[in-house]
Student: 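Sharing a structure, written as structure tokens. Questions coming.
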Amino acid sequence: MNDLPAPIPTAYTIRPATDLDVEQINGIINHEIAETVNNFNYGPRSLEDGLAWFRATIAGGYPVFVATTTTAGEGGEGGEEVVAGYSSLGSFRQKDGYRFTAEYSVYIHHEHRRRGLGKRLLKDLLIEAKLRNFHSIIGSISEGNQTSIDLAKAFGFRVVGTMKDNGYKFGRWIDNTFLELVFV
Ligand SMILES: CC(C)(COP(=O)(O)OP(=O)(O)OC[C@H]1O[C@@H](n2cnc3c(N)ncnc32)[C@H](O)[C@@H]1OP(=O)(O)O)[C@@H](O)C(=O)NCCC(=O)NCCS
């Protein structure tokens, strides 16, 4: 019986993130940093840096959401809450005139993909963006990530262009595609 794989969770909750989620958000981000060009950092984000990012994001008036699920505990009881993905808005550019524009991020833990969480988190994030009076949302997607481009397009984003050799990671140049969604 012990050889059975862990059951795949089917129930997820989306809620605003708190300080207590940052360690697990970091886990998701740090996997992407180590394995992919979806994030242009080279080294892992520390808990201290993660907390600084989270607090500055919230203080800046930007939302952060998490998708959580509960692992099955012993005998089906006492499971732990696991962060399966997160979404956030952040500053696109610092200058005053850009304050109604925000850049979005959506990251799903690699073991929780293809269960609709990317869609759910992006949908809730865009609803919140509108409520907070943002006018334009920007996506920045590294090359080779057609899934993210298609996901954004499904919510009305349009590709505005691809910047060549915009990033450098793992010893090579990486193009970056920008998308925008303008609320009317
Ligand atoms: C992109 C990402 C957010 C998608 O999350 P997800 O929870 O797996 O996506 P969903 O289950 O909501 O699926 C959304 C759509 O993408 C499709 N899709 C998801 N993963 C796919 C894959 N690997 N290949 C092809 N299609 C895929 C789904 O089939 C679905 O399409 P549908 O609406 O036609 O059914 C996730 O892969 C991820 O976190 N990637 C790394 C981080 C990243 O690139 N973030 C975006 C930039 S900020």
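Everything numeric in this text was worked out from a predicted model, so none of it was measured. Residue indices begin at 1 and follow the sequence shown. In listed order, ligands and their atoms are each counted from 1.
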Student: Please list the nearest protein heavy atom to atom 11 (O) of ligand 1 with its residue and the distance rounded to 0.1 Å.
Tutor: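 Protein heavy atom with the smallest distance to atom 11 (O) of ligand 1: G116 N, 2.7 Å.
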Student: Look at atom 35 (O) of ligand 1 and find which of E35, K119, R114, H109 reaches it with the closest heavy atom.
Tutor: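 Nearest option to atom 35 (O) of ligand 1, by heavy atoms: K119.
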Student: Examine the side chains of S148 and N145 and answer whether a donor and an acceptor come within less than 3.5 Å of each other.
Tutor: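 N145 and S148 do have a side-chain donor-acceptor pair below 3.5 Å.
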Student: Classify the ring geometry of F92 against Y98: parallel below 30°, tilted from 30° to 60°, perpendicular beyond 60°.
Tutor: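 The rings of F92 and Y98 stand perpendicular, inter-plane angle above 60°.
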Student: Does E180 come within less than 4.0 Å of K153, counting only side-chain N to carboxylate O?
Tutor: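 Salt bridge flag = no for K153 with E180.
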Student: Got a second to check how far T68's OG1 is from D21's CG, nearest 0.5 Å?
Tutor: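 Reported value, rounded in 0.5 Å steps: 8.0 Å.
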Student: Side-chain donor-acceptor pair under 3.5 Å between E32 and N39, yes or no?
Tutor: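 Checked: E32/N39 side chains show no N/O donor-acceptor pair below 3.5 Å.
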Student: Pick whichever of D150, I108, N39 has a heavy atom sitting closest to atom 3 (C) of ligand 1.
Tutor: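 Considering heavy atoms of D150, I108, N39, the nearest to atom 3 (C) of ligand 1 sits in I108.
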Student: Please verify the inter-ring angle class for Y12 with H112; under 30° counts as parallel, over 60° as perpendicular, anything in between as tilted.
Tutor: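 The rings of Y12 and H112 stand perpendicular, inter-plane angle above 60°.
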Student: Any protein heavy atom lying closer than 4.0 Å to atom 44 (O) of ligand 1?
Tutor: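 When distances to the protein are checked, atom 44 (O) of ligand 1 has a heavy atom within 4.0 Å.
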Student: Please work out whether the ring planes of Y86 and Y107 are parallel, tilted or perpendicular, with thresholds of 30° and 60°.
Tutor: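 Y86 vs Y107 ring planes: parallel.
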Student: Under 4.0 Å from a heavy atom of L117: give me the atoms of ligand 1 that qualify, with their elements.
Tutor: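 Listed by number with element: 7 (O), 12 (O).
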Student: Determine whether the aromatic ring centres of Y104 and F155 lie less than 6.0 Å apart.
Tutor: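 Not under 6.0 Å, so no.
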Student: Enumerate the atoms of ligand 1 whose separation from the nearest heavy atom of I141 is less than 4.0 angstrom.
Tutor: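 Near I141, the atoms of ligand 1 are 47 (C).
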Student: Using a strict 4.0 Å cut-off to heavy atoms of R115, name the atoms of ligand 1 that fall inside it.
Tutor: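 So the atoms of ligand 1 that pass are 11 (O).
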Student: What atoms of ligand 1 come closer than 4.0 angstrom to any heavy atom of S105?
Tutor: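 Reading through ligand 1 atom by atom, the close ones are 48 (S).
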Student: For atom 37 (O) of ligand 1, find the nearest protein heavy atom and state the residue, atom name and distance (0.1 Å precision).
Tutor: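 Looking at atom 37 (O) of ligand 1, the protein heavy atom closest to it is R113 CD, 3.3 Å.
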Student: Protein heavy atom under 4.0 angstrom of atom 32 (P) of ligand 1, is there one?
Tutor: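 Yes, at least one protein heavy atom sits under 4.0 Å from atom 32 (P) of ligand 1.
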Student: Among V106, V37, T147, which one puts a heavy atom closest to atom 20 (N) of ligand 1?
Tutor: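 Looking at heavy atoms only, T147 sits closest to atom 20 (N) of ligand 1.
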Student: Check ligand 1 against Y107 and write out every atom of the ligand that is under 4.0 Å from a heavy-atom position of the residue.
Tutor: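 In order of number, 39 (O), 42 (C).
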Student: Looking at side-chain heavy atoms only, is the closest gap between L125 and K130 below 4.5 Å?
Tutor: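 Counting from C-beta outward, L125 and K130 never come under 4.5 Å.
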Student: For atom 14 (C) of ligand 1, which protein heavy atom lies nearest, and how many Å away is it?
Tutor: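 Among all protein heavy atoms, the one nearest atom 14 (C) of ligand 1 is L151 CD1, 3.9 Å.
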Student: Determine whether any protein heavy atom is located less than 4.0 Å from atom 1 (C) of ligand 1.
Tutor: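 There is a protein heavy atom less than 4.0 Å from atom 1 (C) of ligand 1.
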Student: Could you tell me whether atom 8 (O) of ligand 1 has at least one protein heavy atom nearer than 4.0 Å?
Tutor: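 Neighbour list for atom 8 (O) of ligand 1 includes protein heavy atoms (cut-off 4.0 Å).
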Student: May I ask you to check whether S140 and N176 show a side-chain donor-acceptor distance below 3.5 Å?
Tutor: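 The answer is yes; a qualifying pair exists.
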Student: If you count the atoms of ligand 1 from 1 in the order shown, which ones are under 4.0 Å from a heavy atom of N145?
Tutor: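 Checking each atom against N145, I get 43 (C), 44 (O).
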Student: If you scan the protein for heavy atoms around atom 47 (C) of ligand 1, do you find one that is closer than 4.0 Å?
Tutor: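 Yes, there is a protein heavy atom closer to it than 4.0 Å.
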Student: Would you check the N or O atoms of G118, main chain and side chain alike, for any that come under 3.5 Å of an N or O of ligand 1?
Tutor: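 In this structure, G118 places an N or O atom under 3.5 Å from an N or O of ligand 1.
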Student: Under 4.0 Å from a heavy atom of S148: which atoms of ligand 1 are those, numbered in the order shown and with their elements?
Tutor: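 Once the distances to S148 are compared, the set is 1 (C), 43 (C), 44 (O), 45 (N), 46 (C).
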Student: Ion pair present between D165 and R172, side-chain N to carboxylate O less than 4.0 angstrom?
Tutor: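 No.
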